Every structure is written in C-alpha cells, then in structure tokens.
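Presented below is the structure to which this report refers.
Sequence positions, counted from 1, serve as the residue numbers for this chain. What you are looking at is a predicted structure, and each value in this text was computed from that prediction instead of being measured.
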Amino acid sequence: MKVAVVGTGVIGASWTTLFLAHGHEVVATDPAPGAEDRLRAAVTADQTRLTFTPDLAEAVADAGFVQENGPERPDLKDEVFAALDAAAPPETVLASSSSGLLPSRIQRACAAHPERVLVGHPFNPPHLIPLVEVVPGERTGEAAVEAAMRFYRGLGRRPIRLRQELPGHVANRLQAALWREAYSLVDRGAATVADIDTAIAHGPGLRWALLGPFLNQHLSGGAGGIAHVLEHLGPPMEEWWADLGSPRLTPELADKITQGVAEELAGTAEAGLVADRDALLALLLDAKNRTDHL
C-alpha cells in the first residue's frame with residue numbers, strides 16, 4: 001500500500017520508519033524548511049520506498065491510507081484536513097495522530113467525506129510502542145474504523161477502539177491520573193521526584209508492562225481473583241481515593257519537578273538513557289511476542 005505521512009516531526013518520522021519496515025511505500029510531506037533532510041536523518045528503515053514532496057495534494061493523491069501528524073492547533077488541523085478531504089481518494093482513511101483534539105472536531109473541516117476521518121493516536125515512539133487508539137467521530141463510518149483497525153494490526157500494532165470521544169482518549173487519561181498523584185506527592189513533600197520514579201519503575205510499572213490494571217488485580221487475588229480483591233481491598237482503596245491530591249501546576253511546583261528531574265539525571269547522558277530505554281523496549285516486546293498470553 002502507498003501510505004501518506006503528513007507532518008514529519010518526531011511522530012511522523014517514527015510512523016514512517018514503521019510503515020517502511022512493513023513493506024509499504026511512503027510518500028511524506030511537510031512544508032517546513034529542511035523537513036526532508038530531518039526526516040531522512042531520523043528514519044532508521046530502508047528508505048528505498050520513501051519519497052518526499054512539499055505538496056500535500058501530490059502526497060495523498062493516490063494514497064491508500066493517510067496518517068496526519070500536524071501540530072495540535074484546531075486552525076491548522078482545519079486547513080490540513082480540508083486539503084486532505086479535497087485531494088485524497090474518497091475511500092482513503094484520513095487518520096490523525098492527535099492526542100488532544102476530538103475526531104468530531106477534526107472532521108468538521110471535511111465537507112466531502114467526513115465519514116473516513118478518525119483519530120489513530122499512537123504512543124511515542126510509534127515504531128516501537130504497539131498501542132494505537134482508534135477513535136471514530138460522530139460522522140465516522142464503520143468501514144473506516146474497520147479499515148484502520150486492519151491496517152494497524154497489519155503493522156503489528158495493538159489497536160483499541162474507543163466507544164466514546166474523550167479528551168486525552170483512554171491511555172493519556174490513565175497516565176494523567178498517575179501524574180496527578182505523583183505531582184501531588186512532590187508538592188506535599190511526601191516523596192522526591194527520584195523516589196516516585198523508582199517506585200513505579202521498580203514496582204508496579206514492571207507488572208503494568210506485562211498486564212493491564214484489571215488483570216494484575218485479578219492475579220493478585222489468588223484463587224478468589226478480582227472478586228476477592230474488591231471485597232477485601234475495595235473499602236481501603238476508596239479511602240485512598242478520598243485522600244488523593246488535587247495539585248495545581250503553579251510555577252513553584254513546576255520548578256520543584258523540573259529541579260527534581262535535573263537532580264535525578266545528574267551525570268546521566270540523556271541520549272544514552274533514550275537508547276537504553278528503546279533497546280530494553282525492543283527486548284521486552286520481543287519476549288512478549290513469544291508468549292501465548294501477553
């Protein structure tokens with residue numbers, strides 16, 4: 001399939017790597033000066049099937065799938081999607097990587113074929129992290145949703161279909177809930193930034209990388225499973241919920257968190273940290289792919 005990548009920043013370059021690695025032809029487009037050079041420097045797959053054009057209409061004219069990765073600005077999204085709607089074949093899915101804008105808002109700009117517009121939100125970097133959140137809008141057709149799910153599965157991704165449009169979709173909302181309490185604990189002085197990172201990375205985060213919150217709870221209940229957990233730990237958990245913080249990102253708290261991260265990274269080369277993270281992600285994903293249940 002010919003896939004058009006619209007917007008070639010960090011996310012667009014990662015998508016491009018993934019599409020090329022799975023044998024697709026990729027036509028990339030981005031109006032920014034120097035975009036092609038930056039894209040080619042970032043893409044780690046074979047670039048034989050990669051072409052670049054600054055002309056959006058040319059990029060999507062015969063594309064079988066479009067992955068848009070522009071800035072999270074409604075005015076720019078309107079401009080881009082109006083152009084995509086006019087130039088892409090009518091049956092081609094127009095998927096936005098947006099993490100914040102709702103698909104019903106995005107598809108307003110598509111007067112001709114709003115039924116093929118949806119959100120296909122990846123996690124960074126898309127060529128490594130398998131999750132893709134497929135979010136239809138009010139006017140999205142079932143055929144487009146099914147086509148997007150098939151396409152992402154064909155890339156070895158693990159797409160989920162959202163049943164409601166929500167700000168932040170699902171995974172970012174779950175992350176935000178954790179960040180909210182992490183920021184609150186720092187604000188209260190209950191733990192340092194480094195302590196909280198250690199608590200997650202060397203505690204529940206290890207299990208969360210293997211199974212989600214519900215299955216982890218279920219397995220922790222022994223023979224009684226999640227029913228036992230909810231019966232015996234449900235009441236104290238409700239007490240914990242009541243005590244969770246509601247921090248405000250004041251300049252003082254932002255400074256405290258920024259300083260805490262700087263202290264945690266002291267003496268650590270950030271590029272090396274990213275490389276180690278990505279290498280371990282690849283090993284973990286390979287191990288998960290060789291199991292029957294994960």
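Proximity of P122 to S97: side-chain heavy atoms (C-beta onward) are separated by under 4.5 Å at one or more points. Side-chain contact check for R173 versus P167: some heavy-atom pair is nearer than 4.5 Å. No side-chain heavy atom of V27 sits under 4.5 Å from any side-chain heavy atom of V5. Under the 4.5 Å side-chain criterion, counting only non-hydrogen atoms from C-beta, T140 is in contact with V145. The closest side-chain heavy-atom distance from L244 to S184 is not below 4.5 Å. P159 places a side-chain heavy atom less than 4.5 Å from the side chain of R153.
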Could you give me the CA-CA distance, side-chain angles and deciding distance for R49 and L20, then say whether side-chain contact (heavy atoms from CB on, under 4.5 Å) is met?
CA-CA 7 Å; R49 296 180 308 280; L20 291 172; 4.1 Å; yes
Checking L284 against L210 for the side-chain contact (heavy atoms from CB on, under 4.5 Å) test, could you report, in this order, the C-alpha distance in whole Å, the side-chain angles of both residues, the deciding distance, and whether it holds?
CA-CA 9 Å; L284 174 61; L210 306 176; 4.0 Å; yes
Verify side-chain contact (heavy atoms from CB on, under 4.5 Å) between K2 and H24, making sure each step is shown before the conclusion.
CA-CA 6 Å; K2 179 180 286 188; H24 294 296; over 6 Å; no
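Ring planes of F19 and W15: parallel class, angle under 30° (limits at 30 and 60°). Ring geometry for H169 versus H121: interplanar angle of 30 to 60°, hence tilted.
Counting only distance, with no hydrogens or angles, the side chain of S14 and the backbone of I11 share no donor-acceptor pair below 3.5 Å. Side-chain atoms of E181 come within 3.5 Å of backbone N or O of G245 as a donor-acceptor pair. At distances below 3.5 Å, not a single donor-acceptor pair connects side-chain atoms of Q107 with backbone N or O atoms of P136. N216 places a side-chain N or O within donor-acceptor distance of the main-chain N or O of G212, the cut-off being under 3.5 Å. Looking at D85, its side chain does come within 3.5 Å of a backbone N or O of H113 through a donor-acceptor pair. A distance-only check finds a donor-acceptor pair linking the side chain of S98 to the backbone of G100 [under 3.5 Å].
Here the rule is side-chain contact (heavy atoms from CB on, under 4.5 Å) with T17, and of V26, T44, L39, L50 only T44 fits it.
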